[in-house]
Amino acid sequence: MTDKGNFSSKLSRRTVLKSAAGAGAALATPYFFVKAHAASDPKVVRMYNYDGTLGEFYDKHWYEPFAEKFDVKMDFIRLKGSRAPLEKIQAQIANGQPETDVFPLHPDQLIFARRNKIAMEIPRSAIPEYENIYDEFITEFGPCLVLWSYGLAYNTELVDPAPTSWKALWDPKYAGKVALNEGLKDQTLQMVNLAFKGSPYPVDEETFKHLSDIRPHLVALWSSGADAEQLFRNGEIVMSPFWNGRVTKLKSEGLPLAFAVPDEGFFVRHSVYGVPLNAANPEMGIEWINFVCGEERQKRMVEFGYGTPNKLVEHTPEQAKAVIVADPEVVKKAVPEDFTKILDNSAAWTDMWNKWKSS
Amino acid sequence: MSTVELRKVEKRYGSVAAVHSLDLAIEPGEFVTLLGPSGCGKSTTLRMVAGFVQPNAGTIEIGGKDVTGIPPHRREVGLVFQNYALFPHMSVYKNVEFGLKMRGVDPSERRSRVEEALGLVKLGDYSERMPAQLSGGQQQRVALARALVIRPNVLLLDEPFGALDKQLRDHMRIELRDLQRKLNISTMFVTHDQDEALSMSDRIVVMSEGTVCQVGGPNAIYEKPNSRFVADFMGRSNLFEARQVDESNDARTLDAEGLLLNADKTQELNGGNAIVMVRPEKIELLESETNRDGSVTVGGKIMSSVYLGSTVQYEVKVEDGPTVLVVRQNVEDGSISAQPGSPVFLSIPHNAVYIIPQ
Amino acid sequence: MSQTQGGNSKAWWLLSPGVGLYILTFFIPLAMLLVLSFAKFENSVTTIGFFFDNYVKIMTDGITLTIFYRTVQLALMITVSCLVLGYPVAVLMRRSGPRARLWLLFFIVSPLLTSIIVRNVAWVLILGRSGIINDTLIDWGWISTPLPLMYNTFGVVLAVVHVYLSFMVLPLFGALIAIDSSIEEAASSLGASPLRVFLTVTLPLSLPGVTAGCTLVFILSMGIYLTPVIMGGNFVLTLPMLITDSVRNLYNWPVASAMALMLLAAIGAMVLLSARVQKMVGG
């Protein structure tokens, strides 16, 4: 207490930061107040869940069996889109308690979480099931699960021959019948580079020149999987970059759709399941992560159409085809992505992207 | 040639006839009042002349031209509403100028005519004011100037004084009537106020339930109503069921609900029964029994008296007869010690007894 | 007299919950927004301080200002469209009987009762490549390839107008119904044709409603975010979309705060302008 001025300025700075971030989050979501300050109850585990069939899958195969086995209640918050709202979670952590006990992190979000220290480090010993998980799928915050592939979805009746290159999107034959992904614009930019430069980086003027070439062909830029599904269903588009799970789902509905892995390469991503800092019930959160890493839960995920890092899970030929990443020959085509670069450049790329859209 | 002529004009709303087979003519320079209770069809008639309401049958002529089916803006009528209906976003000058502008009158003539019209209603100094800055009477004068400036064939006035207080209303009556005479403009005036009708009109058209009850000068309408309705509507009156009980050379003696009255024999009596009217201001109130020529005198008792300032109104119960309404001028304070309960005598002149034709 | 004053001072206390709510939900967050807008966001980490980086970025990045202007443009287009489409509806409502008026009101307000998702599906059915309009026009042989009716500015304006029309029609109707119809009749009897009655009397007297409706729709339109995403196929960019993107995908609260304040300032300017116009046309 020798330097009183310094102390008080430190205090006020912290207070301002905390409350400012909190107020921002409060503006965005009124229910935050209720959720964030709910009393912690060891019998309740709070989770995010998705819309649509993936959400149903989680309910049925990842949440209900766990609730039954451990006699706990699972509480859900629906996600809008596929990403956990880190901007909100960060503000909640700064102000007290995050709204869930487990959160999925996309690879770039993992780096953001690391830098902002908003996820709990989980020692390997805390998750016995790690024994059967491939090493490269284990991070200090949790396991990489739900392996999904990002390739080219196309209408098998209207696109002929079947596309083998991302360049098929630029084919004038399909002008006015294709769309690109706005939601994951980093992937779109890397895709353009793959198609014309052979490697995903750098994102530069040339990348956008190719985007400008395709611009007149585009029906829309979609921002969520549901939007893209809608475009395919309505016949608005015949081809778009997409992920395998949604294609499997649309196929099962009878749509003539197929998923192509282009020769230039494709993308494989995953979600790291971690426990946010200050979570109300971290013990049960870790328990759940361990539970879903197990063979039984991972088998279900493969049946659903997404890949697994669990060594014990075996694939039927059909499952292997659907999850894409079960075939070592195909996996070779997966393009290594630099997520630090993606995170650090996202602002600059967004500006370039918006300029391109507005030009 | 009449300025306005309505022939067999009919207006129905659904199955209800608002105006039923109406014939009416307004002569050049004539001031005609449509008088009646609300819902009698007087306003509908005026609105048909103005062109806002289309008749279901019949024809309307203005200035000798058939205007049935012609929209309002092509009928040369000047219209004044009860609520003035001035354009609130325009100055007094602009309000009055409006009709001339619509007619494409050139600006210099417009100016002189607007000034003339504002002079007529004594508002020459107010031309730059906005309507909201004027009193009700001033606003109504602007409305009048605005209607007159276009030199319409006919001036239509729809209860124009309804929103003014009594004193102003009396004043405006005189002013309007003077102006109308001066300009010699045919006028159709709609009101439910019989005082207004009586004081201003050349002719009054009394209407009820979509039909004309009586047409005539103010005097005829007041003194000689042709129906019980008109008698009742045109001010206070004593109406009695009566039958003839005796007859002399020049008079009939009538038993009016127990009150014996003499009436001039010039009045026809169809059958034995009639309704007779005695205006309450024509009955004299006496302290003692005094017989006068040409009058009957009966005794009674004052039931109530109402002090109305310039007049006092009494209810007098006639012995073995009806209750009679009497109105006396308040000429001297306490001329009659007319406390309720005090005995009085009524003197009713023969010529005050009017037999309503059946 | 003193009693009246006593009553008034007591009545002021009744305002305190409302004022408190405003302080809590508006002024405090606004102050925080101001603080955050001067913070720095670097390497994914936010530092509170007094930096002008965010404002400099907005002014110099060559895109935020462009999008801001486009947002204003879009809001103006929506406002004018609402006015042009809404005025006849308001006139019709005024002339209708109470029953018909209620039905019209229901039709105008009904888009507010449906979710944006449902409305979007409906628009695809109508405006899409194989929607009702394109199919019909192709069937009739008027066009050979489908018209681009959505996933562009047209689609966004149409979808937003559909919802915000009620915010234009209601103030317009309020202004129109307040006009004494005898004023229009007076004009008519003075020789004005129906068109001239409208231009010289009805329209000028409804200007307060026009101002109110335009202000309301403009302010609402400055905040559109979801409709351009869905109906514009993401090609139509607005400032609110940029703000959302900055927060949700870039986690950059500071720059988003600066942009939000810019939007707020624009809306504030519009409100002031509207108040002045209102004073002019009203008095």
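Note that the coordinates shown come from a computational prediction; the quantities given were computed from them, not determined experimentally. Chain letters run A, B, ... following the sequence lines, proteins first and then strands; every chain starts at 1.
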Self-check item: is_close_aromatic(A:Tyr150, A:Phe242), centroid dist under 6.0 Å
Solution: no
Self-check item: Pairs of heavy atoms under 4.5 Å with chain C: top-ranked of A:Leu231, A:Leu218, A:Val219
Solution: A:Val219
Self-check item: Check against side chain to side chain donor-acceptor pair (under 3.5 Å), A:Gln90 and A:Asn116
Solution: CA-CA 8 Å; A:Gln90 187 188 9; A:Asn116 282 283; 3.2 Å; yes
Quiz item: Which bit of A:Arg115 comes within less than 4.5 Å of chain C, counting heavy atoms only: side chain, backbone, both or neither?
Solution: both
Quiz prompt | chain C contact via A:Thr350 - side chain, backbone, both or neither, heavy atoms under 4.5 Å | solution = side chain
Quiz item: In terms of the angle between their ring planes, are A:Trp148 and A:His106 parallel, tilted or perpendicular, with boundaries placed at 30° and 60°?
Solution: tilted
Exercise. Could you label the plane-to-plane angle of the A:Trp243 and A:Trp222 rings as parallel, tilted or perpendicular, counting under 30° as parallel and over 60° as perpendicular?
Key: perpendicular
Quiz item: Between A:Pro85, A:Gly183, A:Ser223, which has the largest tally of heavy atom pairs under 4.5 Å with chain C?
Solution: A:Ser223
Quiz prompt | Part of A:Asn354 lying under 4.5 Å from any heavy atom of chain C | solution = both
Quiz item: Which one, A:Lys177, A:Gln230, A:Glu182, A:Arg83, leads in non-hydrogen pairs under 4.5 Å with chain C?
Solution: A:Glu182
Quiz item: Parallel, tilted or perpendicular: which fits the ring planes of C:Tyr22 and C:Phe27, with parallel below 30° and perpendicular above 60°?
Solution: tilted
Quiz item: What orientation do C:Tyr164 and C:Phe167 show, parallel under 30°, tilted 30 to 60°, or perpendicular over 60°?
Solution: perpendicular
Self-check item: chain A contact via C:Leu125 - side chain, backbone, both or neither, heavy atoms under 4.5 Å
Solution: neither
Self-check item: Portion of C:Asp245 that has a non-hydrogen atom of chain A nearer than 4.5 angstrom
Solution: side chain
